[in-house]
Every structure is written in C-alpha cells, then in structure tokens.
Amino acid sequence: MITGVPLSWYLILGAALFCVGVYGLLANRNLIIIMMSIELMLNAVVLNLVAFARFMEPARITGKAFAIIVYATAAAEAALGLALTIAIWRTEDTVTIEEIDLLQG
Amino acid sequence: MTGLGGEVIRTLLGAFAMALFPLVVVVFLIWEARKVIGRMQDRLGPTNAGTYAGPFALFQTVADGIKILTKELIIPTGADRGVFVAAPILVVTVAIAVWAVIPLGPTGLQVVDLDIGAFYVVAISALAPFSMIMAGWSSRNKYAEVGAFRAVSQIVGYEIPQVLALLIPVLLTGSLSLQDIIRAQDIAFIFVVPLAAFSFLIACVAEVGRLPFELAEADSEIVAGYFTEYSGMMFGAFYLGEFINNLTVSVIFSVLFLGGWRGPWVDQVPWLGAVWLMAKALLVFNVLVLFWAAMPRLRIDQVLAFNWKFMVPLGLVELVTVAIADKTMESLGVAQGWERSAGLLVANLVLGLAIVGVLSLVGREAKRRRSFRRPGVGAA
Amino acid sequence: MFAGQVVFLIIACLMLGAAVRVVTSRRIFHAALWLIGSFFCVAVIYMLLESPFMAGIQLFIYIGGIAVLTVIAIMVTKGGMHPDSHTLGNGWSAAIVSISLFIVMAWTITQLGFPNEPGMPVAEEGLALLGAALVDPGGYLVPFEVVSVMLMVVLIGSLYLGRER
Amino acid sequence: MIHPFAVVGLFLVVSLIFGVAPIALAWLLSPKKLNPRKQQVYESGNPTFGETWIEFKPQYYLFGLAFLAFDVEAAFLFPWALAYNQLALYAVFEAAVFLGLLGVSLVFVWRKGWLEWM
C-alpha cells in the first residue's frame, strides 16, 4: 500500500461526509441545496464502497461494479429530482419547500 | 531518502518542462494562426512593423504577452470577486493538466503513462465548462451569462460524440493508455475508422469553440461572451487557455487517429517523436484555423440540433458497427493485421454511404415539404 | 508511508470544509461550486485508494454531469441571484442530529477493528475484468441492462417533465 | 520510485501554479487606478438595465438532462471497450442492446419534439 492510511480513516471520512449531507438535508429549505446534500450522502456511500473494495477484496470487482451502478442511480436521481424541481419552479415560481403547496388544491 | 528526494525533484522538473511545453508552442501557434487568417482574408497578418517583434513578427505574441501583463486588472462593480478571479486560473490549470498523459515520444517524453490515460483526458476536461460558467456568472453581465450558458450547453453536448468516437480506438487497441493506442497504430486509425475520426474532429472543434461553433463568444451578438468583463492578464488567461485547448485537441486527435509520435527514424532518435507529433498536430490545428477563417457562425438551436440529431446517433451507430464488424471478422478468422483494418474500413465506408443516402432522402423530403410553404417561414 | 497519511489528512480537511460550505453557503451558486470542490477531493481520495477508474468516473459523472446539471438548474430557477439565507429555523437541531449520528458511526467504526493494510495488491487487469463482468451473464449483465433501461426512463421521463408546455 | 498517481498529483499542483502565476505577476506589475466609471459593467456602451442575473430558458436544462443520460452510458462503455478483445460476439450484442435502448429513447424524444429549441 502506498499510503499507509488504515481503512477506518476512510470510513470515518465517509461517515463525516454523510453527516454533513444529513445536516444539509435537514437544515435547508431550498430544493436544489437538498438535492446537493443527497449527492454528498451518496458520495459518502460510494467512498465507503470503494474503500471496502480496496481493502477487503482488491482482486475482484464486486465493489467497483456496485459503485459504478450506484453512480448511475445517483445520476438518475439527480436528473429526475432536478427535473421535478424545475417543473415545480414553472408552476409555483419557487424552489423553497415551505412555499410549495401543490397539494392544497 | 536522497534517492527519493532526487526522484521527486526530477519529477517536478519534468512536470515543469511538460507544463511549459504547450505554452511555448502556443506562442508560435497564435502567430501562425494570425498569419494564416490574415492571408485568407487578404491581409498580411502581424508584420515586422515594430522593433521588438522579430523577423516575420515571430515574437509578436511575446510582445503582446508582455504588454498584457502590464494592463490593469479591472473587476467590475457588483461582480463576485472570488469566483471572478478563480475562473481564469481554472481555465489555464485545466488546459495544462491534460498534458500529464500526453506522450510526446516513445519513452521518457511523457510525464506519466497512466493505464487509463484516455479516460484521464476526458475526466479532466469535464472541469472545463465550470471556468466558463464561473466567469459568466460572476461578471454580473447579461452578455457574459448568455455566453457562458451557450458555451456550457454546447460543450457538454459535444462531449458525448467525442467520447463515443474516442472509445473506438480504445476498443480496437484494448487499452486506455495513450502509448498503447499509438503502438497499436501500424496503420493510422484514421484510415481504419474514418467516420470515428470525422466525428471526433467535429466534436473537438465544438469543444474548443472554434467557428462554426463560436457562439459562446459571438462578438457581434454578445460582445465577447463569458469573458466580456475581463481585462489584462485575466483576459489573457482565457485567450491562452483557449489556444492551449486548441493545441491539446489537435495533439489528442493526432495521438488517437494519426499515429501520434510514430514516423520514420523514431526508433533511433526518440526525440524525433515529438517533432512528428507536433507536425501532425500542426496539420490538425490548421484544419481548425481553416474552419475559423471560412465558416459562418451557427445559431444555438442549429448547434444543438446538429449534435443531438446527427452527431450522437452517428456516434452510437458507428460504435455498434465497428464493434460488431470487428467481432464478426474475428469469428470468421480475420483477426489481425491489414485484413482487419481493410474490413473495418469497408464497414466504415458502407456506413458512410448509408448515412449520406439517408441524409439525402431526408433532405429531399424536407425540400418537398418546404415547397408548400413560403420560404423563410420556420426560421427562428 | 507518512506522506500518504499527510496527503489524506489535507484532502480530508479540504473535502469536509467544502462540504460544510455546500450546506451553509448563502448563495446557492457558491454552494454548487463548493460541491464541485468536494467532489474533486473525493476523486483524489479514490486515487489514494488506487482506484483511478473510480476517480475518473467521479470527475466524469459527478462533476462533468451532475454538477453541470445542478448549476444549470440553479440558473434556470434564478437560484443564483438572491444572497438570502435559505436555512430553516431548525439549524441547531439538525446540527445536533447529524453530529450525534457521526459520533455513533465513528465510535462503531473504531470498535469494529478494520484492517490497517489491504490484504492483496491491486489486480493488474481490474478494469478489463470489470468490463468483462458487466456483460457476463453470470456476472453483472442484469444490472448493466437495467441501468440502460433506467437511463431510458430518466431520459424520457425527465424530458417529459421539463418539456415546453 | 514515485507512484504514477503521485506524479499526476504533482502535475496537477504544477498546472495550478501555471494558472496562478501569470495573474499574480500581472497583479504585481499592473497599475491600480480604479474608478467607478472604469468598473462599470460593459453592455455595449448602454447603461445596464433590469436584473443582471437573468432567468434562462428551461431548454438549456433539457439538453443538460439528455447529456447526463448519455454521460452515464459512456462511463459504462469505458470498461466494456477495454475488455472488448476478450469478449465473445454475444457480449458485443449485449452492449449493442445497451446502446440501442438509449438510441431508441433518443429517437423517441426527438419524434415527440422535446428536443426542439423554442
């Protein structure tokens, strides 16, 4: 190993990144920032996947295959989430979750 | 420890030399482009009018560079200062960072031969649109913002055909390392898969925003596009980054499709590889310059429609055709050497003829439909 | 040995700093730029994990794709304009929740005793193996084709949502 | 022996230096005589009017979406292209199905007219 960094460091880094994402998700009211927080959380998950793939089974490809499929899912989620955001923007003229009241009829 | 320290210093020196290389070449490329454009427009281009420009105004760009260094750096009121300054830095950084994997010669004349070299180029280039969007957004200028948005939708769109075309040399070589791709080209890939080379070239022209895809900085519509507000060396950084990108795509096209550093006597004299590569890149660069001088500018809807309705389908069809034709030939026992190349060339030519046929049918249909309406209706 | 740890710590600090700026910036456009910064740092971490392909994918999909799309969405919704505070009133409770979550996770990780060194060196032909496994019926063929169907649904569905009406 | 990735990292740092250096040099060398008229936003000599940060057409976003779908697809194709030489003909057809589905959906949205610029 070139770096000498133990696995637990990567995992703690991933946990910290995930928690920053959780904070952003809970504390923000702008839909786009919420999407960004979700991206941060997904990134933390993939970071864990890649770290485990490197340390636990470097010869095989399961971790990488999982990670790349998580990436595809993340991209799909971002595309659809932002498309919904823009659809809401065009009907409601806002992207702030408190002001969105589509369900009130 | 001294061994490691020496290695680090040697690597750093090599990295500096390699990063300096495109800058030095670009100084003369700018001169060359201005001369060629001048001749095509019945002018002389830069001439030896001043004292400092040297014979044939060879050092005109150097003089310009020194002049621009002493110009005032103006940050407009209301601009977002941090982002405004970061944008030109990012342009040059990204433009140079790509050169880490470019092989100037068989061995040694390369910073590092990454085994995912081609993917590195694509991945680093993914950072490029942000410099434009940062410049456009932070300037607080409507023209700048419109220019940035045009640039981004054009650049990200044309990334798709570019990557699809880049996959074809990778697929034929079975490696992402640029050195391996060069070594596999006993016959330059442009003669094996001309359609892929064609679509890569067009996508590259769009990526670097040369005419006819120059609408990000269409000076008659939106002043200077995303760098309208920049002055002094910050403007110079955009100009430099643009020309480095031109050089980079020329070099990458040469590496992928023209055989890179391969040429006579390279085996005996390795540094000759750099000369061959630069000669090929100069050829490609001059194609860009000729586009620049000869083409009108397209509208944004035309640019995007050309990408999504022609280039992307072409890239998909070409990739599938090459992959299936090659595999079929392999199962027929024609796996190696010139027979494989000839088979792929035939497949490409058939595909090209089919595309021309479809286009002419579509064009005839469109003409027939248009004849029922008054001319000019329907243009945006 | 030591140099790798130093690089890791620097990159980790940059990454977390950028991530915190993402969720606390007052301008959404700045948040997007910090997001790109933290994505880039994640790519560097992948390089430390000797997974250059994952680093490239990180730049290619996350920065080149998702971040570009986010920036475009910000511009289209005028989100880049107003430097307002867009946090909810419950910022403190959110901070407490996420910090306690982090403490629990970090404590668990330190208790579990993960290896300090990877067992094996990186496989030489890892990426080609991955490519072969993606189209191998005994490997990941089904997820591979499902991704294609998913992308198809995304393309059609999101263009349907966003089309001109 | 320096690891190749470390070399890439060094090169990134060097290219950042090359990006910063000219602007830092110009900042040292250039005159600094700012005044409000000089710092005005340049909009072809007209005084600027209205909101500066304009709202863009959602069309830009639609093309961004289409780009993202193909971007992910291209990322999946890289390992496939690398493994291509070891693959059998049926595996190539599987990738062709992968590409074909996206191609079909591209043709679908094209026919629906959602790729038109309005």
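Any value given below was found using the heavy atoms of this structure, including those in side chains, with hydrogens, waters and symmetry copies removed. Chain letters run A, B, ... following the sequence lines, proteins first, then strands; residues in each count from 1.
B:Ile168 does not touch chain D: none of its heavy atoms, backbone or side chain, sits under 4.5 Å away. For chain B, the nearby part of D:Trp110 is the side chain; its heavy atoms alone come within less than 4.5 Å. For B:Ile116, no part sits under 4.5 Å from any heavy atom of chain D, backbone or side chain. Heavy atoms of D:Val92 lying under 4.5 Å from chain B belong exclusively to its side chain. Heavy-atom distances place no part of B:Leu90 under 4.5 Å from chain D, backbone and side chain included. Of the atoms belonging to B:Lys309, heavy atoms from both backbone and side chain fall under 4.5 Å from chain D. Contacts between B:Ala305 and chain D at a heavy-atom distance below 4.5 Å are absent for every atom of the residue. Heavy-atom distances place the side chain of D:Phe93, and not its backbone, under 4.5 Å from chain B. Looking at B:Val322, the atoms closer than 4.5 Å to chain D (heavy atoms on both sides) all sit in the backbone: N, CA, C or O. Heavy atoms closer than 4.5 Å to chain D are found in both the backbone and the side chain of B:Val8. B:Thr328 touches chain D through backbone and side chain together, each having a heavy atom under 4.5 Å away. The contact between B:Ile124 and chain D is made entirely by side chain atoms (from C-beta outward), counting heavy-atom distances below 4.5 Å. With a 4.5 angstrom heavy-atom cutoff, B:Glu159 touches chain D only via side-chain atoms. Proximity to chain B (any heavy atom under 4.5 Å) is shown, for D:Leu16, by both the backbone and the side chain. Residue B:Val163 touches chain D through its side chain alone, counting heavy-atom pairs closer than 4.5 Å.
Here the straight-line distance linking atom CG of D:Leu89 with atom CD1 of B:Ile324 works out to 7.0 Å at 0.5 Å rounding. Atom CG in D:Leu62 sits 11.5 Å away from atom OG in B:Ser153 (nearest 0.5 Å). With values rounded to the nearest 0.5 angstrom, B:Leu164 atom CG is found 7.5 Å from D:Leu99 atom CG. Atom CG of D:Leu106 and atom CD1 of B:Ile160 lie 10.5 Å apart (nearest 0.5 Å). The CG atom of B:Leu73 sits 10.0 Å away from atom CG of D:Leu29, with the distance rounded to the nearest 0.5 Å. Atom CG of B:Leu319 is separated from atom CG of D:Leu77 by 6.0 Å, given to the nearest 0.5 angstrom.
For D:Ala26 against B:Met233, the heavy-atom pair with the smallest separation is CB-CB, 3.2 Å. Contact between B:Leu69 and D:Pro22 at its shortest, heavy atoms only, is CD2-O, 3.7 Å. Looking at every heavy atom in both residues, B:Leu167 comes nearest to D:Ala81 through CD2-CB, 3.8 Å. Closest approach of D:Ala96 and B:Val320 over heavy atoms only: CB-CG1, 4.0 Å. Across every non-hydrogen atom of D:Asn85 and B:Gly174, the tightest pair is ND2-CA, 3.6 Å. Closest approach of B:Leu114 and D:Pro4 over heavy atoms only: CD2-CB, 4.3 Å.
D:Leu10 has its side chain within reach of B:Leu12: a pair of non-hydrogen atoms, C-beta onward, lies under 4.5 Å apart. By the 4.5 Å heavy-atom criterion applied to side chains, B:Trp308 and D:Val109 are not counted as neighbours. Contact of the B:Val112 side chain with the D:Phe11 side chain is not registered, since no non-hydrogen atoms from C-beta on lie closer than 4.5 Å.
Taking chain D as the reference chain and counting heavy-atom pairs below 4.5 Å, the highest number among B:Ile300, B:Val92, B:Ile89 is found for B:Ile89.
Identified by a heavy-atom distance below 4.5 Å to chain B, the contributing residues of residues 65-76 of chain D are D:Ala66, D:Phe67, D:Phe70, D:Asp71, D:Glu73, D:Ala74, in residue-number order.
For B:Lys327 (side chain) and D:Tyr84 (main-chain N/O), a donor-acceptor pair under 3.5 Å exists by modelled atom type.
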**OP:** Decide side chain to side chain contact (heavy atoms under 4.5 Å, CB included) for B:Leu23 and D:Phe18; before the verdict, give the C-alpha distance in whole Å, the side-chain angles of both, and the deciding distance to 0.1 Å.
**Re:** CA-CA 10 Å; B:Leu23 293 174; D:Phe18 271 80; 3.3 Å; yes

